[in-house]
Amino acid sequence: MRFLGNIDAKLDDKGRVFLPAAFRKVLQSSGDEGMVLRKDVFQKCLVLYPESVWNAQMDNLRGRLSRWDRNEQQLFRRFVAGVEPVTLDSNGRFLIPRRCLAQAGIAQDVRFIGMGDTIEMWAVETCSPDFGDEQDLGEEMQKMLGIGF
């Protein structure tokens, strides 16, 4: 499953938004019907996980954190406490809870960004269209991959 590209959309008065058609096609072809919405742990954005991706992440996280360690159990609890199940209606829309909109600073305009197996949702006004310049990206990639040093 590969969500790619970025697409801008608008919330309606009820806080619903259309999942972009390109992303709906990827979701449908994967066989996933539902999604899970959560605030990102690093950035001021929301992340949509197809159910299969979310379940795999939960299995991985649960397998790494002990239920019998107070701190690890609290970490797991904090991660899953802010989750919202998402179901698309017959028109391809879904409701974003007000709490989630506030967490991401989304008022009206939303930018969907395909991140491979997940989709990020950003407030358009706070989301840089290119997330920095290309030279910085190249240098960071070289550093991260250990190339050229």
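Taking Tyr49 as the reference, Trp54 meet the ring-ring contact (aromatic ring centres under 6.0 Å, His included) condition, with sequence neighbours excluded. The side chain to side chain contact (heavy atoms under 4.5 Å, CB included) check on Gln43 picks up Asp40, Cys45, Trp122, with sequence neighbours excluded. Scanning for side chain to side chain contact (heavy atoms under 4.5 Å, CB included) contacts around Lys25 gives an empty result, with sequence neighbours left out. Contacts of Ser52 classified as side chain to side chain donor-acceptor pair (under 3.5 Å), with partners at least two apart in sequence or in another chain: Asp32. Listed by chain and residue number, Asp69 satisfy the side chain to side chain contact (heavy atoms under 4.5 Å, CB included) test with Asn71 (two or more places apart in sequence, or in another chain). For the side chain to side chain contact (heavy atoms under 4.5 Å, CB included) test, residues two or more places apart in sequence or in another chain that qualify with Leu95 are Arg16.
Once rounded to the nearest 0.5 Å, the distance linking CD of Glu140 with CG of Leu145 reads 10.5 Å. Distance check: Asp8 CG to Ile113 CD1 gives 9.0 Å after rounding to the nearest 0.5 Å. Note that the OG1 atom of Thr118 and the CG atom of Leu46 stand 12.0 Å from one another [nearest 0.5 Å].
Sequence neighbours left out, the pairs with a member in residues 87-97 that pass salt bridge (Lys or Arg N to Asp or Glu O under 4.0 Å) are Asp89-Arg93. Among residues at least two apart or in separate chains, side-chain hydrogen bond (donor to acceptor under 3.5 Å, both in side chains) pairs with a member in residues 99-110 are Lys10-Asp109, Glu84-Arg99. Among pairs with a residue in residues 12-38, those fulfilling ring-ring contact (aromatic ring centres under 6.0 Å, His included) read Phe3-Phe23, at least two apart in sequence or across chains. Every pair tested for salt bridge (Lys or Arg N to Asp or Glu O under 4.0 Å) that includes a residue from residues 70-79 fails, sequence neighbours excluded, so the list is empty.
Side-chain atoms of Leu19 and Leu48, non-hydrogen and from C-beta on, do get closer than 4.5 Å to each other. Taking the side chain as every heavy atom from C-beta outward, Lys44 and Thr126 never approach each other to under 4.5 Å. Residues Leu11 and Ile106 form a side-chain contact, since some pair of their non-hydrogen atoms from C-beta on lies under 4.5 Å apart. Residues Leu88 and Leu27 meet the side-chain proximity criterion, which asks for heavy atoms closer than 4.5 Å. Between Arg38 and Phe79 the shortest side-chain heavy-atom distance falls below 4.5 Å.
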- Derivation of the side chain to side chain contact (heavy atoms under 4.5 Å, CB included) call for Asn6 and Phe112: CA-CA 5 Å; Asn6 64 73; Phe112 288 89; over 6 Å; no
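Each of Leu4 and Val47 belongs to its own hydrophobic cluster when Ile, Leu, Val, Met, Phe, Trp and Tyr are linked at side-chain heavy-atom distances under 4.5 angstrom. Taken together through direct or relayed side-chain contacts under 4.5 Å among Ile, Leu, Val, Met, Phe, Trp and Tyr, Val80 and Trp68 form parts of separate hydrophobic clusters.
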Please tabulate, for side-chain N and O atoms in residues 57-65, each donor-acceptor pair with protein atoms closer than 3.5 Å (sequence neighbours left out).
{"unit_1": "Arg62", "atom_1": "NH1", "unit_2": "Gln73", "atom_2": "OE1", "d": "3.3"}
{"unit_1": "Arg62", "atom_1": "NH2", "unit_2": "Leu65", "atom_2": "O", "d": "3.3"}
{"unit_1": "Arg62", "atom_1": "NH2", "unit_2": "Gln73", "atom_2": "OE1", "d": "3.0"}

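Surrounding CD of Glu33 are at most 12 heavy atoms belonging to other residues, nucleotides or ligands under 6.0 Å away.
Here the shortest heavy-atom pairing between Ala104 and Ala123 reads O-CB, 4.0 Å.
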